[in-house]
Every structure is written in C-alpha cells, then in structure tokens.
Amino acid sequence: MSTVQAPAPGFAEPVTATQACFRGVLWALSHPGRAAELPTTEDARPPRLAAATAALLLTLLDAETTVRLHGSLRDASVLAWLRFHTGTREAATDEGAPFVAVRADQLNAALWSTLPLGSDEAPQDGCTLIVELPLSVDAPLQRLSLRGPGVPGERLLEVAGVPAAFWTHRVALQREFPRGFDMLLARGRDVIAIPRSARVEMLT
C-alpha cells in the first residue's frame with residue numbers, strides 16, 4: 001500500500017511567526033533600503049527556497065492569491081509546499097499574478113517587462129516582486145541611492161546579483177508612478193524593501 005508523503009513543515013509557530021513576518025515586511029516597506037530580520041521557517045522547507053524567501057511566501061500568500069515562480073524556484077515541490085501551507089495556486093500563463101518570485105541571477109527582461117503595474121485608478125493592482133539575493137560576496141554589486149517616503153534625505157544601498165538592466169528599467173518606471181511594483185529583496189533571513197514610491201538612482 002503506497003503512502004503519500006506530507007509536505008515539509010512551514011513555520012514552527014505559524015500564527016505568531018506569520019504575524020511577526022508581516023510586521024517585518026510592513027516595517028521594511030516603511031523604511032526603504034533598511035533590512036528587517038524575519039522569523040525562520042523549519043529546516044525541512046524545500047531546499048530551493050532560502051529562509052527569507054520561504055518566510056515571505058508563507059506570509060503573503062493565501063487561498064485568495066496566486067503566485068508566479070520563475071526559474072529554479074518554479075519547482076513542483078515548492079508549489080506543493082506553498083499550496084499545502086497557504087492554499088495559493090500558480091497563476092495561469094495569461095494571468096497577472098499579484099506575487100512574483102525569482103532569484104536575482106534569473107531575473108530577465110522577459111519577466112520584468114510583463115510585471116503587473118496596476119493603473120492610475122487602481123495602483124494597488126501592481127504586483128509585489130520578491131527577489132532572492134545571493135549570499136556570495138562575489139556577486140556583482142549595484143550601488144543605489146534611494147529617496148522618497150520613509151527615507152530621511154537619502155539612503156545608499158548595495159544590491160548583489162541583480163542585472164544592471166533591471167535597475168535601468170526600474171528607474172524608467174518612476175515616471176509612471178503611482179503605477180509600478182513593490183520589491184522585496186530576500187537575503188539570508190533578512191528582507192529589504194524598495195516600494196514603488198521610492199525614487200531610485202543608479203550610482204557608479
């Protein structure tokens with residue numbers, strides 16, 4: 001008789017950890033460019049997901065939302081794990097997803113040029129882009145200057161692994177505000193937010 005293996009555990013304390021993670025995301029969005037530490041998930045999470053990426057997806061997804069996973073994150077075990085713990089489903093091919101997740105080195109123009117941006121009347125329909133950053137210090141760095149709500153004056157930020165062409169695209173989108181997307185950078189156990197309201201400048 002065959003048995004069906006249950007998906008790996010999520011948060012050890014789902015209610016308190018989800019609440020703490022949500023507060024961390026809100027804090028990060030209110031303080032663009034500053035890192036917030038997130039509660040860790042169980043070690044049994046799918047190996048393709050880093051700790052912060054897993055925590056963000058467990059917290060932000062639910063049965064009313066869809067997700068689009070790209071590159072190596074789009075794996076049957078990851079989708080099954082998220083579906084079991086959150087009730088989410090994968091977005092259809094022609095459907096814009098409110099949450100999109102990708103690793104930094106797999107972020108490409110085919111993805112960023114099709115992200116839902118919302119509209120002037122409903123900017124909240126823009127997506128949240130979760131980008132998993134590499135832990136390696138060898139990844140190329142892009143220095144950024146952030147200004148806008150939540151930033152006293154200017155905040156400098158170095159982001160590893162994200163293609164320079166993506167930041168060029170992000171800068172160009174600023175003239176479309178309030179249309180745009182919010183960005184959550186996941187690295188290790190930390191998250192850094194760059195909301196659509198942040199003015200980004202690329203530094204040499």
Show me the side-chain donor-acceptor pairs of residues 139-152 shorter than 3.5 Å, one per line, residues at least two apart or across chains.
residue	atom	partner	partner atom	Å
Gln142	NE2	Leu203	O	3.1
Arg143	NH1	Thr204	O	3.0
Ser145	OG	Glu154	OE2	2.5

Next item on the list: Could you pull out the closest heavy-atom pair between Ala101 and Leu57, with the gap in Å?
Entry: CB-CD2, 4.4 Å
Next item on the list: For Ala92, enumerate each residue passing the side chain to side chain contact (heavy atoms under 4.5 Å, CB included) test, keeping only those at least two apart in sequence or located in another chain.
Entry: Asp94, Glu95
Checklist line | Heavy-atom pair of closest approach, residues Ser113 and Ala110 | finding: OG-O, 3.8 Å
Notebook entry, point to check: Between CZ of Phe11 and OG1 of Thr18, what distance do you get to the nearest 0.5 Å?
Noted result: 5.0 Å
Item checked: salt bridge (charged side-chain N to carboxylate O under 4.0 Å, His left out) contacts touching residues 133-142 (sequence neighbours left out) -> none
Notebook entry, point to check: Does one hydrophobic cluster hold both Leu56 and Leu29, with members joined at side-chain heavy-atom distances below 4.5 Å?
Noted result: yes
Item checked: Results of salt bridge (charged side-chain N to carboxylate O under 4.0 Å, His left out) for Arg74 - residues two or more places apart only -> Glu90
Notebook entry, point to check: Sequence neighbours excluded, which residues qualify as side chain to side chain contact (heavy atoms under 4.5 Å, CB included) partners of Ser30?
Noted result: none
Return a table of donor-acceptor pairs under 3.5 angstrom between the side chains of residues 158-167 and protein atoms on other chains or two or more places apart.
none

Notebook entry, point to check: To the nearest 0.5 Å, what is the distance between CG (Leu173) and OG1 (Thr168)?
Noted result: 11.5 Å
Next item on the list: Apply salt bridge (charged side-chain N to carboxylate O under 4.0 Å, His left out) to Arg155 and list each qualifying residue two or more places apart in sequence or on a separate chain.
Entry: none
Item checked: Test item: Thr88 side-chain N/O and Thr65 main-chain N/O as donor-acceptor pair under 3.5 Å -> yes
Next item on the list: Using the salt bridge (charged side-chain N to carboxylate O under 4.0 Å, His left out) rule, collect all pairs that involve residues 52-65, keeping only residues at least two apart or in two chains.
Entry: none
Notebook entry, point to check: So how far is it from Leu107 CG to His169 NE2, rounded to the nearest 0.5 Å?
Noted result: 9.5 Å
Notebook entry, point to check: Is the backbone of Leu82 close enough, under 3.5 Å, to the side chain of Thr86 for a donor and an acceptor to pair up by distance?
Noted result: yes
Next item on the list: Tell me whether Phe99 is reachable from Leu79 by hopping between hydrophobic residues (I, L, V, M, F, W, Y) whose side-chain heavy atoms are closer than 4.5 Å.
Entry: yes
Check: What are the two closest non-hydrogen atoms of Arg45 and Ala50, and how far apart are they?
Finding: NE-C, 3.7 Å
Note to self: Looking at Thr53 and Leu49, would you say the former's side chain and the latter's main chain have a donor-acceptor pair under 3.5 Å?
What the structure shows: no
Notebook entry, point to check: With His70, which residues qualify under side chain to side chain contact (heavy atoms under 4.5 Å, CB included), at least two apart?
Noted result: Arg68, Val100, Val102, Leu111
Item checked: Pairs meeting criterion salt bridge (charged side-chain N to carboxylate O under 4.0 Å, His left out) with involvement of residues 107-132, two or more places apart -> Arg103-Glu132
Note to self: Using the rule that Ile, Leu, Val, Met, Phe, Trp and Tyr join whenever any side-chain heavy atoms are under 4.5 Å apart, tell me whether Val131 and Leu117 fall into a single cluster.
What the structure shows: yes
Notebook entry, point to check: After noting the C-alpha distance and the side-chain angles of Leu129 and Trp112, does the key distance pass the side chain to side chain contact (heavy atoms under 4.5 Å, CB included) rule?
Noted result: CA-CA 9 Å; Leu129 175 64; Trp112 71 60; 5.8 Å; no
Checklist line | Listed partners of Ser77 passing side chain to side chain donor-acceptor pair (under 3.5 Å), at least two apart | finding: Asp75
List the atom pairs, donor and acceptor, that lie under 3.5 Å between side-chain atoms in residues 181-194 and the rest of the protein, sequence neighbours left out.
residue	atom	partner	partner atom	Å
Asp182	OD1	Arg196	N	2.9
Asp182	OD1	Arg196	NE	3.3
Asp182	OD2	Arg196	NH2	3.3
Arg187	NE	Pro134	O	3.3
Arg187	NH2	Leu135	O	3.1
Arg189	NH2	Glu37	OE2	3.4

Notebook entry, point to check: So, for Ala35 and Trp27, which heavy atoms are closest and what is the spacing to 0.1 Å?
Noted result: O-CZ3, 3.6 Å
Item checked: Close side-chain approach of Thr59 and Leu38, heavy atoms under 4.5 Å -> no
Checklist line | Heavy-atom closest contact (Pro39 atom, Ala17 atom, distance) | finding: CG-O, 3.5 Å
Next item on the list: Considering non-hydrogen atoms only, spot the tightest contact between Thr66 and Pro98 and give its length.
Entry: OG1-CD, 3.2 Å
Note to self: What I'd like to find out is whether the side chain of Val171 reaches to under 4.5 Å of the side chain of Met202, using heavy atoms alone.
What the structure shows: yes
